[in-house]
Every structure is written in structure tokens, then in C-alpha cells.
Protein chains: 2
Amino acid sequence: MKQANKIGIEKGFKRTPQRLAILAYLEGNTSHPSAEEIFNAVVGKDRTLSFATVYNTLNTLSRAGALRELTIDPSRKRYDPNTGAHHHIICVACKKVVDVPEEITIDLPKEVSQNFTLLGNHVEFYGICPTCRKAQKNA
Amino acid sequence: MKQANKIGIEKGFKRTPQRLAILAYLEGNTSHPSAEEIFNAVVGKDRTLSFATVYNTLNTLSRAGALRELTIDPSRKRYDPNTGAHHHIICVACKKVVDVPEEITIDLPKEVSQNFTLLGNHVEFYGICPTCRKAQKNA
DNA sequence: GTACGTGCAAAGGTTTTGCATTACA
DNA sequence: TGTAATGCAAAACCTTTGCACGTAC
């Protein structure tokens, strides 16, 4: 369980059943779930689980850099356990988010790089997924 | 007033004092304000204004393509009257959003472009603005 | 005159928080 | 045992909505 070990490095991080269940669910997960989806998938499987714990855990993991909080969906935060460099495309119809794994080289213009200290970047692509495209054609 | 004229093209779009005041505030505005900031800046200047009207107007303009809804700030939507191709950098400390006007060429990987119908893209840069950098040094 | 917009207040959805209890280390 | 996490409920936000009234066209 890579994620759990990774987090274990942090001092004072307790491995509770709830956290381990959340981490297990996120491990290798590429569906970019929302907090609610994580809660629904994990609750009942391992003891009790509350929404507060889901949010507490996600925020703790985000701050520890073990998780990425995605803003690509305007209506809710999505979470991505893949912290490596990659980007995303969202289907504007069904809100499905898919990884765009390739490296994209981006040069920040001088006007900005001379002022800002750059920490990172993320490319959002907008499109229509195959499923929704077919649905549109049939409509 | 370019924005107002642009919108005027749409049939059935009524030029109310509230809408004109919002459009006047947004015209040429590069501060990427939130709905609340727009409300605070416009209220009182021209007759009455309610939050509902601000949101109604922003949503109408977004759907008409006269405005861009930015997701770069995880805590709230930001609005950008500049609908031309450009990107943004956000200061992770103070949440200030600055335009990145240059064209950035992005090639979508084949795996994705073969499946998704691509509609657009947007690059988010994360960094520390000069003001916050100085504040950190002095801290 | 009529369809559309406004304002108000209430509701909806997401996320956070206070506090007593529980449990990991 | 002591610190940190959990659960519950309430609250805090942001945003949307229903409805009566008002107004642009």
C-alpha cells in the first residue's frame, strides 16, 4: 500500500481504519472521485465513517502532498491520488475526468516568470467523451 | 461599451440598469473577481442590486460566451470578461489571479484526441506573487 | 401588453467546525 | 497515558431557485 506508507512517513499521522480504508480506495484509482463518491464507496466496508473524517483525511493528505485536489469540475472538488506530473480532460456533458499522462512542455512568459515564483502548472482540457458523443448523435 | 454591445446581439437580452452596471464593472477588468466582489463593487452605484441578479447575469453571460468562468480558485468561481485565448497564474498565498496572455501550443496526446472531441483548454499556473514573496522573507 | 428580469428569502449542495468520545501509539 | 482522530450535528459558504412584483421592449 504505497500511499499509506508514504503517509506513514509523516510524524504524528495515525493509521486509523477509516484512513486506511480511504487510502485503499484511492490507491491506483483513476476515476477522480469527489468527497461524496469516496464516502459512498468506503462507508460500510470498514467500521463507521463520517463525512467529517473524509474531508479531514483528504485535507490532511492534500497538505502532505500525497493527494491532488482538482479544480477542473466547477461544482465540486475532485481528488487524484496520482501526484506525478500529468493533466486532465473533462467531459463537459457527463463531468467524467480522464488523465492526460503525457508530459507537456510549457514555457511561462517572461513577464510572469520575472515576477511570480513558479510552483507548478496544470492543463485542463474540455471535450466530449465517446459515450456522450454517441448519445448526442442518437438524440 | 463593447461587452454590452456584444451581449446586445443576443435576442431577448434586456439591457437593465443592473446588467449594464455589472457589464461596466467587468469591462476591461483584469482582477478576475468573484461574484461577491462584483456585487460589492456594483451595489449602491446604480439603483438596487441583489445577489440573485449577479448570479443570474453571470450565468447568462457565461452561457452566451461573453464571459469565462474560472475554476483556478478552489474556493469560489472567478469571472473573466476576456474571452480571448489566454491562461492564468494564481498566487497560492493570496489567491490573486493574473493573466498569462501568451499563446501556448499544446498537443493533446493521441490516446485522448482519438476518443474525446476536444473543445478547448486552459493552463493553470501556481506560484507566489511578488507581494507575498516579500512578506514571506520578512516573516 | 408581455415576456423577461429583479429582489427577497428560502433552500440546496459542498465543505468546515466545535465538542465530546474514542483509539492509536 | 496523551495526543490525535472520529462522529455527530450545526454552521458556514457559495450558489441556485420559487414566486410576486417590476420593467424593458
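Letters go in sequence order (proteins before strands), and every chain restarts at 1.
In this structure, the OH atom of B:Tyr79 is 10 Å from the C1' atom of D:dC14, given to the nearest Å. Separating the CG atom of A:Leu23 from the C1' atom of D:dA5 is a distance of 14 Å, rounded to the nearest angstrom. Taking atom CD of residue B:Glu69 and atom P of nucleotide D:dC14, one finds them 15 Å apart after rounding to whole Å. In this structure, the CZ atom of B:Phe51 is 16 Å from the C1' atom of D:dT17, given to the nearest Å. Here the P atom of nucleotide D:dC14 and the CG atom of B:Asp73 are 10 Å apart, to the nearest Å. Following rounding to the nearest Å, B:Ile38 (CD1) and D:dT15 (P) show an atom-to-atom distance of 10 Å. One atom, CZ of B:Phe13, and another, C1' of D:dT23, lie 15 Å apart when rounded to the nearest Å.
Under 3.5 Å, the side chains of B:His32 and B:Asp99 contain a donor-acceptor pair of N or O atoms. Inspection of the B:Tyr25 and B:Glu27 side chains reveals no N or O donor paired with an N or O acceptor under 3.5 Å. Using a 3.5 Å distance cut-off with no hydrogens or angles, the side chains of A:Thr60 and A:Thr57 do not pair a donor with an acceptor. Remark: the B:Asn121 side chain and the A:His87 side chain contain no N/O donor-acceptor pair separated by less than 3.5 Å.
The shortest distance between the side-chain N/O atoms of B:Arg76 and the OP1/OP2 oxygens of D:dT15 is not below 4.0 Å. Proximity of A:Gln18 to the phosphate of D:dG7: a side-chain N or O atom is located under 4.0 Å from OP1 or OP2. Of the side-chain N and O atoms in A:Thr53, one or more sit less than 4.0 angstrom from OP1 or OP2 of D:dG7.
Counting non-hydrogen atoms under 4.0 angstrom, B:Ser75 reaches the backbone sugars and phosphates but no base. Residue B:Asn56 is in base contact, counting any heavy-atom pair closer than 4.0 Å across all strands shown.
Checking D:dG7, D:dA5, D:dA24 against every side-chain atom of A:Thr16, the shortest atom distance belongs to D:dA5. Closest to the A:Leu49 side chain, of the nucleotides D:dG7, D:dA5, D:dC14, is D:dG7.
Both B:Asn59 and A:Thr60 lie close to DNA chain D; mapped to their nearest nucleotides by heavy-atom distance, the more 5′-ward contact belongs to A:Thr60. Between B:Lys14 and B:Ala35, the residue anchored closer to the 5' end of DNA chain D is B:Ala35, taking for each the nucleotide with the nearest heavy atom.
For the pair A:Ile38 and A:Val54, the tightest heavy-atom approach, listed with the atom from each and the gap, is CG2-CG1, 4.3 Å.
With respect to A:Asp73 and A:Lys95, no salt bridge is recorded, no charged nitrogen being found less than 4.0 Å from a carboxylate O.
Once you apply a 4.0 Å limit to the heavy atoms of chain A, the touched nucleotides of DNA chain C run 5' to 3' over C:dT14 to C:dA25.
For B:His88 and B:His122, the ring centers sit closer than 6.0 Å to each other.
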